[in-house]
Peer 1: 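Quick one: structure below, then a few questions.
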2 protein chains.
Amino acid sequence: MEPASSADGPRTTGRSTLRDVAKLAGVSIATASKALNNQPQVRAETRAKVIQAAEQLSFSPNTLAQGLITQRSGTVGLLTSDLEGRFSIPILMGAEDAFGSDQTSVFLCDARGDTLRERHHLRALLSRRVDGLIVVGARPDARPSLGRDLPVPVIYAYSPSDDPADLSLVTDNVGGGRLAVDHLIRHGRRRIAHISGDPSYGAAQDRARGALDRLGEEGLPLAGDQVWFGAWSEAWGRGATRMLLQRDPDIDAIFAGSDEIARGVLDVLHQEKLAVPTQVAVIGFDNWNILAVNARPPLTTIDMNLEALGRLAAQRLFSAIDGTLGSGVETVAPRLITRESTAPLD
Amino acid sequence: MEPASSADGPRTTGRSTLRDVAKLAGVSIATASKALNNQPQVRAETRAKVIQAAEQLSFSPNTLAQGLITQRSGTVGLLTSDLEGRFSIPILMGAEDAFGSDQTSVFLCDARGDTLRERHHLRALLSRRVDGLIVVGARPDARPSLGRDLPVPVIYAYSPSDDPADLSLVTDNVGGGRLAVDHLIRHGRRRIAHISGDPSYGAAQDRARGALDRLGEEGLPLAGDQVWFGAWSEAWGRGATRMLLQRDPDIDAIFAGSDEIARGVLDVLHQEKLAVPTQVAVIGFDNWNILAVNARPPLTTIDMNLEALGRLAAQRLFSAIDGTLGSGVETVAPRLITRESTAPLD
DNA sequence: CGGAAGACCGAAAAGGTTTTCAGGAACGTA
DNA sequence: TACGTTCCTGAAAACCTTTTCGGTCTTCCG
C-alpha cells in the first residue's frame with residue numbers, strides 16, 4: 001500500500017490510472033471514464049472536475065486495456081521485405097502518414113527478404129492483435145500470399161500477391177512507359193530509344209510495353225531496333241548508350257528505365273558531345289531525387305507516386321477493418337516530373 | 001484423429017483464447033497457462049495435452065493482456081524526424097534488427113521535423129505503454145531533449161540531445177575525418193585538399209577537424225589553403241573542385257565531406273583529364289551505395305556504421321528497461337570502405 | 001494403517017478500461 | 001402526498017492472461 005506520494009517520485013507523467021483520476025475528482029471510475037470520453041450521461045460540471053483532475057495527473061489512458069475491451073488494438077503491421085531498398089520507404093511514409101491522422105500506430109517489421117523471418121514477424125504481429133497488415137514487397141513482381149485464413153485484413157503494396165483473392169496495390173508501369181514516351185513525342189521527338197534494366201522484372205517489361213504502345217499509336221518505330229534490357233545500373237546505362245549510338249547515331253531521345261540508367265546515359269552523351277536536351281532528350285524513371293536533381297542537366301523522370309500508394313493502402317486497410325476487403329489488383333497512376341533534360345525552355 | 005471440421009470456418013488462426021485451449025485440453029485456465037509457459041508445476045503428460053490443444057486451435061496469447069499484467073508491453077517507439085532522409089533508415093534497420101531477436105516490436109513514428117507532431121506521437125506512444133524510446137534526429141547536431149520526467153528510458157541516436165543528462169549515441173565524425181586522411185597519407189599522398197558541405201553542420205566541422213589533426217601530426221599543410229565548405233551537393237563538389245584546381249593545380253588527393261560532393265569532384269577531374277586515382281585520389285563520406293559503387297571509379301569512402309549505431313541503441317535501451325540508463329554522449333567509430341578511387345591495384 | 005511430504009491442479013485476484021444496468025436525487029404533476 | 005420523469009452516478013461484469021495460494025491426491029515411511 002503505497003500512499004501515492006506525488007512529490008518524491010520523478011515520474012510525474014503517464015503512469016496514473018483512471019482510478020487515481022476518479023479519486024482525485026471525487027467520482028467513480030465509471031463516471032470518470034464517461035467524462036473523458038465525451039459520453040453524454042454526465043453533468044458538465046462533473047465532467048469539468050474530471051478533466052481537471054486528469055490534467056493535473058497528466059493522465060493518459062492505457063491503450064492496452066482499451067484494446068482488450070474494444071477488441072481493437074489501434075495498431076497495424078507494416079511488413080516489408082527490404083527496408084534497405086529505396087522503394088519501401090516512401091510507401092511506408094505514406095502509410096504512416098495516413099494512419100497517423102487517425103489514431104493508429106504502425107509496427108514496422110523488416111523481413112529482410114527471408115520467408116522464415118516473415119512468418120516469425122507475422123506470428124508476433126497477430127499476437128499483438130494488430131487490426132490489419134500491409135505487406136510491402138521488394139520488387140514489383142508477384143509474391144506469395146500470406147494465406148487466406150488470417151484473422152485480419154491484409155493489403156499487398158508494390159508487389160502484388162500471387163493469390164487473386166487478395167487485394168494488391170501496384171504502380172501502373174505500363175502507364176508510366178506511355179507517359180514517358182508521350183512526353184517525348186509532344187516535344188517533337190521522333191527517334192526514341194529505350195534502355196531499361198533487368199528483363200526478368202515485370203516492371204521492365206511493362207514500361208517497355210507502355211512505351212511501344214504509345215509509339216505504335218503514333219506510327220513511330222522504336223529507335224535502336226530493340227529495347228536494350230540489361231541491369232539497373234549506371235554502368236549498363238553507359239554501355240547500352242555507347243552501343244546504341246553506334247547502331248543508330250541520330251536518335252533524338254532516350255527513355256531510360258530508371259534514373260540510375262539515365263545517369264549513365266547522360267554521362268556518355270556528355271562524352272560524345274551530344275547536347276542534352278537540344279540534340280538528345282533524356283527521361284528517367286523513379287524520380288529518385290538524389291540522382292535526378294543532381295544530374296546534369298536535372299532529369300525529367302516518372303514518379304511512381306509511391307507515397308500516394310502507401311496512403312491509399314492505409315485508407316483501404318482502414319475502411320476494411322470493420323467492413324470487408326475487396327480483391328484483385330488496383331493500380332496507382334504515376335506522374336511526370338518535368339526538368340531540364342527533356343524540356344528546352346521555349 | 002478428430003475431424004474438427006476445418007473446412008467450414010475461415011478463421012482458423014489467431015483468435016482462440018486460453019480458455020478455449022484449456023477447455024479442449026480438459027484442464028483449468030491456470031494449468032493451461034503454466035503448461036504453455038514452461039512452468040514446472042505441471043505434469044509432462046498434461047503439458048503435452050495442452051500444447052497439442054493449443055496447436056490445434058493455433059492459439060497465440062494476447063499480448064495486450066500479457067502486457068497489462070506484466071506492466072511491460074514489449075514494444076518500443078522509434079521517433080524519427082526525417083524518414084525521407086537517408087540517415088534514419090540504417091539506424092532504424094539496426095534497431096529493428098536488434099529488437100527483433102528479442103521479442104520486442106517497434107512502433108515507427110515520423111515527425112517530419114515538426115515539433116508539434118513529435119509531441120503528438122510521444123503522447124500516443126506513452127499511451128501505448130512503450131517500454132522505451134529511441135529518438136533519431138534529422139541532422140547530426142544537438143536537438144531539444146524530450147524532457148527528464150518521462151516514465152520510460154529514452155535514447156537519442158544520430159542527433160544528440162541538448163540535455164547532458166540524456167544518453168546520446170552519435171557517430172565519431174572527428175575520427176572519420178582522421179580515418180580518411182590517414183588512409184590517403186598511408187598511400188603516399190601529400191597534397192591533400194578537403195571539400196565539404198554546409199559549415200553550419202557540426203559534422204562538417206568535426207570531419208574537417210579530424211582531417212586537420214591528422215595532417216598536423218604528419219606536419220603536412222592542407223592543400224588548397226582552406227577547407228572548402230559549401231553545400232552537400234554534387235554541384236558544389238563540381239564548383240569547388242574547379243576553384244580548387246585553379247588555386248592549387250597539383251594536389252594529389254581530395255577528401256570530400258560526402259559521397260555526393262565526391263561525385264561532383266570526380267566529374268570535374270574527368271573533365272580536366274586528371275586520372276583517378278593515379279594522379280588524384282578521391283575519398284568520400286557516408287558510403288551511400290548508390291553513389292559510391294556506381295561512381296567511376298568506385299568510391300573509397302567512410303561508412304558511419306549507422307546500422308551498428310541503431311543496434312547499439314537498441315541494446316542500450318533494452319538493458320536500460322529494467323536497469324537504469326547512463327547519460328552523456330557515446331560515439332560509434334566509423335570504418336573505411338576501400339574501393340578504387342584511392343587504391344591503385346598494386 | 002496413520003500420517004507427512006510432495007506433486008499436481010484449480011479458484012480467484014489482479015492489471016486498467018469500457019459499458020450496462022440499476023438505483024438515487026431532483027423535479028414537476030396529479 | 002404520492003408518483004412518474006428525467007438526469008446523473010456507481011457497482012459490477014467483461015476483455016485475456018499470469019500468478020498466488022489453498023486444496024486434493026498419491027506415495028512413502030514409520
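Computed from a prediction, not measured in an experiment: that's the story for all the values here. The analysis underlying the following values was restricted to heavy atoms, covering all of them including side chains, and did not include hydrogens, waters or symmetry mates. Chain A is the first sequence line, chain B the second, and so forth, proteins listed ahead of strands; every chain is numbered from 1.
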Peer 1: Quick check on side-chain contact (heavy atoms from CB on, under 4.5 Å): which of D166(B), V135(B), D163(B) does L146(B) satisfy it with?
Peer 2: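 The residue from D166(B), V135(B), D163(B) that satisfies side-chain contact (heavy atoms from CB on, under 4.5 Å) with L146(B) turns out to be V135(B).
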Peer 1: Has T31(A) got a side-chain N or O lying under 4.0 Å from the OP1 or OP2 atom of dT9(D)?
Peer 2: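 For dT9(D), OP1/OP2 do not have a side-chain N/O of T31(A) under 4.0 Å.
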Peer 1: In whole Å, what is the span from the CZ atom of R47(A) to the P atom of dT9(D)?
Peer 2: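 Answer to the nearest Å: 10 Å.
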Peer 1: Would you mind listing every salt bridge (charged side-chain N to carboxylate O under 4.0 Å, His left out) that reaches into residues 49-75 of chain A, with sequence neighbours excluded?
Peer 2: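 Every pair satisfying salt bridge (charged side-chain N to carboxylate O under 4.0 Å, His left out) with a residue in residues 49-75 of chain A: R72(A)-D322(A).
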Peer 1: Atom CD of Q41(A) to atom P of dG23(C): distance rounded to whole Å?
Peer 2: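 The distance from CD of Q41(A) to P of dG23(C) comes to 18 Å, rounded to the nearest Å.
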Peer 1: Quick one: is dC9(C) close enough that its OP1 or OP2 comes under 4.0 Å of any side-chain N or O from R43(B)?
Peer 2: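 The answer is yes; a side-chain N or O of R43(B) sits under 4.0 Å from OP1 or OP2.
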Peer 1: So which protein nitrogen or oxygen atoms get under 3.5 Å of nucleotides 15-18 of chain D's nitrogens or oxygens?
Peer 2:
unit_1  : atom_1 : unit_2 : atom_2 : d
dT17(D) : OP1    : N62(B) : N      : 3.3
dT17(D) : OP2    : L18(B) : N      : 2.4
dT18(D) : OP1    : N37(B) : ND2    : 3.3
dT18(D) : OP1    : Q66(B) : NE2    : 2.8
dT18(D) : OP2    : S33(B) : OG     : 2.9
dT18(D) : OP2    : N37(B) : ND2    : 3.4

Peer 1: In terms of heavy-atom contacts, does CD of Q103(B) have more than 12 from other residues, nucleotides or ligands at under 6.0 Å?
Peer 2: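 Incorrect, the count does not exceed 12.
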Peer 1: Give me the atom names and distance for the closest heavy-atom approach of L68(A) to A65(B).
Peer 2: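 Scanning both residues completely, I find the closest heavy atoms to be CD1-CB, 3.9 Å.
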Peer 1: More than 12 heavy atoms of other residues, nucleotides or ligands under 6.0 Å from CD of Q39(B): yes or no?
Peer 2: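 Correct, the count exceeds 12.
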Peer 1: Five pairs at each end of the helix from dC1(C)-dG30(D) to dA30(C)-dT1(D): take the axis at both ends and give me the angle between them to 10°.
Peer 2: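 Here the local axes at opposite ends form an angle of 70°.
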Peer 1: Just N and O in the side chain of S28(A): are any of them under 4.0 Å from OP1 or OP2 of dA11(D)?
Peer 2: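 It does not, given that no N or O in the side chain of S28(A) lies less than 4.0 Å from OP1 or OP2 of dA11(D).
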Peer 1: In terms of side-chain heavy atoms, does D82(B) have a donor or acceptor partner in S88(B) at a distance below 3.5 Å?
Peer 2: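 D82(B) vs S88(B): donor-acceptor pair found between side chains.
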Peer 1: Tell me: CG of L64(A) to P of dT18(C), nearest whole Å?
Peer 2: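 Those two atoms, CG and P, are 13 Å apart.
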Peer 1: Is D97(B) paired with R117(A) through a side-chain N to carboxylate O contact shorter than 4.0 Å?
Peer 2: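 Yes, this pair counts.
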Peer 1: Salt bridge check, E118(B) against R112(B): does any charged N sit closer than 4.0 Å to a carboxylate O?
Peer 2: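 Judged by the 4.0 Å cut-off on N to carboxylate O distance, R112(B) and E118(B) do not form a salt bridge.
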